[in-house]
Amino acid sequence: MNWYRHNRLYTLVLVLVLLFGVLIEIQNPVRDSLRAGTRSVAAVAWVAVHGMGNTIDRYGGLSSRAKLATENQKLREEIARLESLSLHNDILRSENATLRGMFSLRAAYPEGIAAPVLSNPSASPYSTFVIGSGTEEGIKAGAYVVSAPRVAIGRIVEADAHTALVGLFSAPDKETEVMIGKVRTMYRGKGDGNGIVVVPRGAAVALGDAAVLSGRPFAIGFVGIIQSKPEDAETTVLVRVPANLPSLSFVYIIPE
Amino acid sequence: MIRAFIVGLSFASVLFAPPWLPLIGAGMLTVRFRAWEVIALGALIDLLYVPPGGFFGIPIPATLTAFILLAGFEPIRRKLLV
């Protein structure tokens, strides 16, 4: 009897899970609200942790109380002038330096928008990450996400009011048409910022060549390893994203 | 107490840690308990990160994985943990 009751319970839960799947799959306002609300709540946690991380980095990590008191006394005596700078200004300066790096992108693409990265790309099992700008800031699905001048790492796949989801080109089994030199081929993502392309044996592909999006001035990676066997008619090329994805703090969004 | 700790750690790791950490947490919970909160854990992952069109065509892979873990470990829970 117990077994029968448990089986009915699992069946009921399975039905609820499948209904949840249908709700997520079909475009509807409930799904959009649920996702936007979840990301908004998560954004609060991400921003709070980023702030705490900056604080820990600023003061050189966790220390004992006595050690901090001694260090504080030393700093007060030796660098009295620097004590007038607030922690908030230091963090703003650090963010400012990152944004200044984006300025060169701004010059090239004035229509673009700089957006903060909220979630760690390695936290998602689907090669996606969340940014802190959305439709209210002018972000639309399909826009290119650029981490450095002429290097695109993904596209906006979904945009809420104040957050958006970025899908990486290197997502597992995602295919993107690229050009490597004069060779047109399909880039297939393998996750973790890597992907492979297969080109005809003898194609003019060399280490360091850029894999450029077809019809767009953006590279999505650079040739890292070329694997070729004499008996094969094709050559397998490993393409790497030239960005340390977990360390990204800002990205630049360029409309499609 | 332990259950609450693992649940809290798993939910926090969804936001900040690689995906294998919440997976291990879910596994530990479902082996020991009939932990329905694991399904909520999977749903959170899917609500936050799954792209439109799903992952390999599956709209809620993490939620389904959580359910499979929960239901799949039921015989183990009954046999080993009387």
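Note that the structure is a prediction, hence the values are computed from the model and not measured. Order of the sequence lines sets the chain letters (A, B, ...), proteins ahead of strands, with each chain counted from 1.
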Enquirer: Non-hydrogen atoms of chain B under 4.5 Å away: do they reach the side chain of A:Pro172, the backbone, both or neither?
Expert: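 The answer is both parts of A:Pro172.
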Enquirer: Under a 4.5 Å cut-off applied to non-hydrogen side-chain atoms, are B:Leu47 and A:Phe20 in contact?
Expert: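 Contact flag for B:Leu47/A:Phe20 side chains = yes.
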Enquirer: By a 4.5 Å heavy-atom criterion (distance strictly below it), what part of B:Trp20 contacts chain A: side chain, backbone, both, or neither?
Expert: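 Contact with chain A involves no heavy atom of B:Trp20 at all.
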Enquirer: Should we count CZ of A:Arg188 as having more than 12 external heavy atoms under 6.0 Å?
Expert: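 Open: at most 12 neighbouring heavy atoms sit under 6.0 Å from CZ of A:Arg188.
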Enquirer: Counting only heavy atoms closer than 4.5 Å, note whether B:Leu23 contacts chain A via side chain, backbone, both or neither.
Expert: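 The answer is neither part of B:Leu23.
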Enquirer: Non-hydrogen atoms of chain A under 4.5 Å away: do they reach the side chain of B:Ala66, the backbone, both or neither?
Expert: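 It is neither, since no heavy atom gets under 4.5 Å.
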Enquirer: Of all of B:Phe56, B:Tyr49, B:Trp36, which one pairs up most often with chain A through heavy atoms under 4.5 Å apart?
Expert: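 The option with the most such pairs is B:Tyr49.
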Enquirer: Report the C-alpha distance between A:Asn120 and B:Phe16 in whole Å, list the side-chain angles of each, state the deciding distance to 0.1 Å, and finish with yes or no for side-chain contact (heavy atoms from CB on, under 4.5 Å).
Expert: CA-CA 7 Å; A:Asn120 190 332; B:Phe16 305 110; over 6 Å; no
Enquirer: Given a strict heavy-atom distance threshold of 4.5 Å, which part of A:Ser122 is in contact with chain B: side chain, backbone, both, or neither?
Expert: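 The backbone, not the side chain.
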Enquirer: To the nearest 0.5 Å, what is the distance between NZ (A:Lys174) and CZ (B:Phe55)?
Expert: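 So the NZ of A:Lys174 and the CZ of B:Phe55 are separated by 12.5 Å.
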Enquirer: Could you have a look at A:Glu25, A:Arg35, A:Arg31, A:Gln27 and say which one has the most heavy-atom pairs with chain B under 4.5 angstrom?
Expert: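 Ranked by contacts with chain B, first place is A:Arg35.
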Enquirer: What is the distance from atom CD1 of B:Ile68 to atom CG of A:Leu14, rounded to the nearest 0.5 Å?
Expert: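 Between B:Ile68 CD1 and A:Leu14 CG, I get 9.0 Å after rounding to 0.5 Å.
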Enquirer: Atom CG in B:Asp46, atom CG in A:Leu34: separation rounded to 0.5 Å?
Expert: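 Answer rounded to 0.5 Å: 11.0 Å.
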Enquirer: Do you know which of B:Gly54, B:Pro18, B:Gly53, B:Gly42 has the most heavy-atom pairs with chain A at a distance under 4.5 angstrom?
Expert: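 Ranked by contacts with chain A, first place is B:Pro18.
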Enquirer: Side chain from CB out, backbone as N, CA, C, O: work out which of these in B:Ala17 comes under 4.5 Å of a heavy atom of chain A, or both, or neither.
Expert: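 For B:Ala17, the backbone is the part near chain A, not the side chain.
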Enquirer: At a heavy-atom separation under 4.5 Å, does B:Ala12 approach chain A through its side chain, its backbone, both, or neither?
Expert: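 Neither part, no heavy atoms under 4.5 Å.
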Enquirer: In terms of heavy-atom proximity below 4.5 Å to chain B, should A:Val157 be classed as side chain, backbone, both, or neither?
Expert: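 For A:Val157, the contact with chain B is made by backbone and side chain together.
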Enquirer: Give, as side chain, backbone, both or neither, the part of B:Pro22 having an atom under 4.5 angstrom from any heavy atom of chain A.
Expert: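 Neither part.
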Enquirer: Evaluate whether atom CG of A:Asn194 has more than 12 neighbouring non-hydrogen atoms of other residues, nucleotides or ligands under 6.0 angstrom away.
Expert: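 Count over threshold, so yes.
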Enquirer: Could you grab the distance from atom CD1 of B:Ile60 to atom CG of A:Leu19, nearest 0.5 Å is fine?
Expert: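 Rounded to the nearest 0.5 Å, the CD1-CG separation comes out at 9.5 Å.
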Enquirer: Could you tell me if the side chain of A:Ser119 sits less than 4.5 Å from the side chain of B:Leu48, heavy atoms only?
Expert: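 Result no, sub-4.5 Å side-chain heavy-atom pair not found.
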Enquirer: Using a cut-off of under 4.5 Å on heavy-atom pairs, state which of A:Ala45, A:Gly37, A:Pro125, A:Gly21 scores highest against chain B.
Expert: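 If we count pairs closer than 4.5 Å to chain B, A:Pro125 comes out on top.
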Enquirer: In terms of heavy-atom pairs under 4.5 Å, which option from B:Val14, B:Leu70, B:Val50, B:Ile58 contacts chain A the most?
Expert: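 Winner by heavy-atom pair count: B:Val50.
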Enquirer: If you count the non-hydrogen atoms of other residues, nucleotides and ligands that lie under 6.0 Å from CD1 in B:Ile2, is the total more than 12?
Expert: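 Result for CD1/B:Ile2: open.
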Enquirer: Could you tell me whether the side chain of A:Asn7 reaches within less than 4.5 Å of the side chain of B:Glu74, counting heavy atoms only?
Expert: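 The answer is no, as the side chains (C-beta and beyond) never meet within the 4.5 Å cut-off.
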Enquirer: Less than 4.5 Å apart, side chain to side chain, heavy atoms only: is that true for B:Ile39 and A:Val17?
Expert: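 Yes, close enough: below the 4.5 Å cut-off.
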Enquirer: Looking only at heavy atoms and a cut-off of under 4.5 Å, which of B:Pro19, B:Pro61, B:Ala62, B:Ala43 has the most pairs with chain A?
Expert: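 Sorted descending by pairs with chain A, the first entry is B:Pro19.
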